[in-house]
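Before any comments, here is the structure.
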Amino acid sequence: MTELYTLTAHAAHALLTAREVSARALLESVLARIDAVEPRLHSYLRLLPETARAQADAVDAKIAAGEAIGPLEGIPLALKDILCTTGVPTTCASRMLENFIPPYDATVVRRLREAGVIVVGKTNMDEFAMGSSTENSAFGPSHNPWDLSRVPGGSSGGSASAVGGDEALLGIGTDTGGSIRQPAAYCGVVGLKPTYGRVSRYGLIAFASSLDQVGPITKDVTDAALLMNAIAGPDPCDSTCFPEAAPDYTAGLGRSIAGLRIGVPREFFTQEGVQVDAGVERAVRTALDLYAKLGAEIEECSLPNVRFSLPTYYIIAPAEASSNLARYDGVEFGYRQTGTKDIIGMMTASRDRGFGMEVKRRIMLGTYVLSSGYYDAYYLKASQVRTLIRQDFERAFERYDVLVSPTAPSVAFPLGAKVDDPMQMYLNDICTIPINMAGIPALSLPCGYDRGLPVGLQLMGAHWAEPALLQAAYAYEQAAGWTRTAVDEAGRVTAAG
Ligand code: GLN
């Protein structure tokens, strides 16, 4: 029989409502899987088995009483440790917040609880979401479930390795420059970065406020739509959150995509200093062939300003980060170093010990580009270029419904391969960062393998076009048949090793 931990959320829901499986049995299966593989994956920073068991039992009591349950009720989820959880430490994988216990839930967390989702644990990540491999975690890296010597991607690497390694049925990540999509691609799962403003950022610990978005990491497209239904929508606590109600994201799944206009922007395959790997490009082109068979019209196109995305991002994101992270000085927020001789010494020592190398690098970069005399040359100029990038996308979406590219230029790279070369680490994000600069939604889904490791296909849409992305992704997923069985046969981490 199939192990329960391998199920998608919608398949598990069917078993729960048919009373073939209890929420407690589903949870115990996931917890046993965690016991077996977590020492090698290190997806989680903290597990919450006792509260999870109590929640599962409550769902079972509801089912026993003949009450209807919601589509995600009783489903175990892995939550990135950047979202505030009442009474449960929220560390951002930083020494700075090692002892931070939030007095409130993030809006996304509150919504998940209201939907009856069970949070099994808080997942590992790059410190303050800065990175592409989880190697910047102060608590040690996570590992890729397909090859333990490789990174799971980042910064939401823990949530992706948890879902890809079957340590949870659902995952939540955040994406400032690719942190949902790239780890989803590396771990062979689906990841969706919603339109900026579609999901509340209240209670999300800020990295770069004009770019950060929360979104789902799931085993298939249907689950991504279901999770969006739970988390998307207006929030009076976040003034940047879109005030109109979110649609039903499952509504378009299964509709034909005949006549869908797909643009394939060449800047996402080759740019100065980066070339997408031949095996990755092959998988993406094969996926496009399948789209053509399904009736889509495919055309090469160009977004000329996209090549400025990376330099623009590395001005805007660090600028916002340096401002957001100024609050961690040991006075009101963050780790406090004792035994120093005065307050300046206390702040300096606290920040020195509390922050890791990459975070310090970003703070220095950000402080520099915002300093008087440099503001116009760097920050102001970057903001203007950002507008040009957004306009490139707006023009493209007058012609195309969806743009398609690889999610990352390569499959998961070996642990340690890029830690000493930040530029190489940054260049890994050329396909994902432009999307955050434009504020549009994008989804990554598995589209085959290169050298035995999963390749991600990125679908990009206009603002608020998540339904179209999900519909297009679902059509491909059904036709291509990258089922969980195929995934298991390809040999991910097993209980045995
Ligand atoms: N890898 C990018 C960075 O390091 C994006 C991270 C993210 O999306 N949070 O900034």
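Counting from 1, the numbers follow the sequence of the chain as shown. Side chains included, hydrogens not; waters and symmetry mates left out as well; all remaining heavy atoms used. When a ligand or atom number is given, it counts from 1 through the structure's own listing order.
- Under 4.0 angstrom from ligand 1, the non-hydrogen atoms of Ala129 come from both its backbone and its side chain.
- In this structure, the side chain of Gln271 engages the main chain of Glu267 through a donor-acceptor pair within 3.5 Å.
- Residue contacts with ligand 1 for Arg362 involve side-chain atoms from C-beta outward but no N, CA, C or O (heavy atoms, distance under 4.0 Å).
- At a 4.0 Å heavy-atom cut-off, ligand 1 does not touch Tyr426 at all.
- For ligand 1, the polar-atom distance check against Ser179 finds a nitrogen or oxygen pair separated by under 3.5 Å.
- When heavy-atom distances to ligand 1 are checked against a 4.0 Å cut-off, Tyr314 comes that close only through its side chain, counted from C-beta outward.
- Of the protein's non-hydrogen atoms, the one nearest atom 10 (O) of ligand 1 is Tyr313 OH, 2.6 Å.
- Between Met130 and ligand 1, not a single N/O pair is under 3.5 Å apart.
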- [ ] Show your reasoning for whether salt bridge (charged side-chain N to carboxylate O under 4.0 Å, His left out) applies to Arg201 and Asp235.
- [x] CA-CA 9 Å; Arg201 291 184 296 110; Asp235 179 10; over 6 Å; no
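- Listed by atom number, the atoms of ligand 1 under 4.0 Å from Phe207 heavy atoms are 9 (N), 10 (O).
- Listed by number with element, the atoms of ligand 1 under 4.0 angstrom from any heavy atom of Gly177 are 5 (C), 7 (C), 8 (O).
- Here's the thing with Asp175: none of its N/O atoms is less than 3.5 angstrom from an N/O atom of ligand 1.
- Of all the heavy atoms of Thr176, the ones lying under 4.0 Å from any atom of ligand 1 are found in both the backbone and the side chain.
- Residues Lys418 and Ser133 bring no donor and acceptor atom of their side chains to less than 3.5 Å of each other.
- On a distance-only criterion, Gly131 and ligand 1 share at least one N/O pair closer than 3.5 Å.
- The ring pair (Phe, Tyr, Trp, His ring centres under 6.0 Å) test with Tyr368 is passed by exactly one of Tyr375, Tyr379, Tyr374: Tyr374.
- Remark: aromatic rings of Tyr202 and Tyr104 are close, center separation under 6.0 Å.
- Which parts of ligand 1 touch Ser155 is read off a 4.0 Å heavy-atom cut-off, strictly below it: atoms 9 (N).
- If you check which protein heavy atom lies closest to atom 2 (C) of ligand 1, you get Asp429 OD2, 3.1 Å.
- Annotation: Glu332, atom CD; neighbour count of heavy atoms from other residues, nucleotides and ligands within 6.0 Å does not exceed 12.
- For the side-chain hydrogen bond (donor to acceptor under 3.5 Å, both in side chains) condition, the pairs that include at least one residue of residues 406-416, sequence neighbours left out, are Thr407-Ser444.
- Side-chain contact check for Leu325 versus Met130: some heavy-atom pair is nearer than 4.5 Å.
- The aromatic rings of Trp146 and Tyr449 are tilted relative to each other, their planes meeting at an angle between 30° and 60°.
- We find that Glu98 and Arg95 are joined by a salt bridge, their nearest charged nitrogen and carboxylate oxygen being less than 4.0 Å apart.
- The shell of residues lying under 4.0 angstrom from ligand 1, judged by heavy atoms, includes Gly178.
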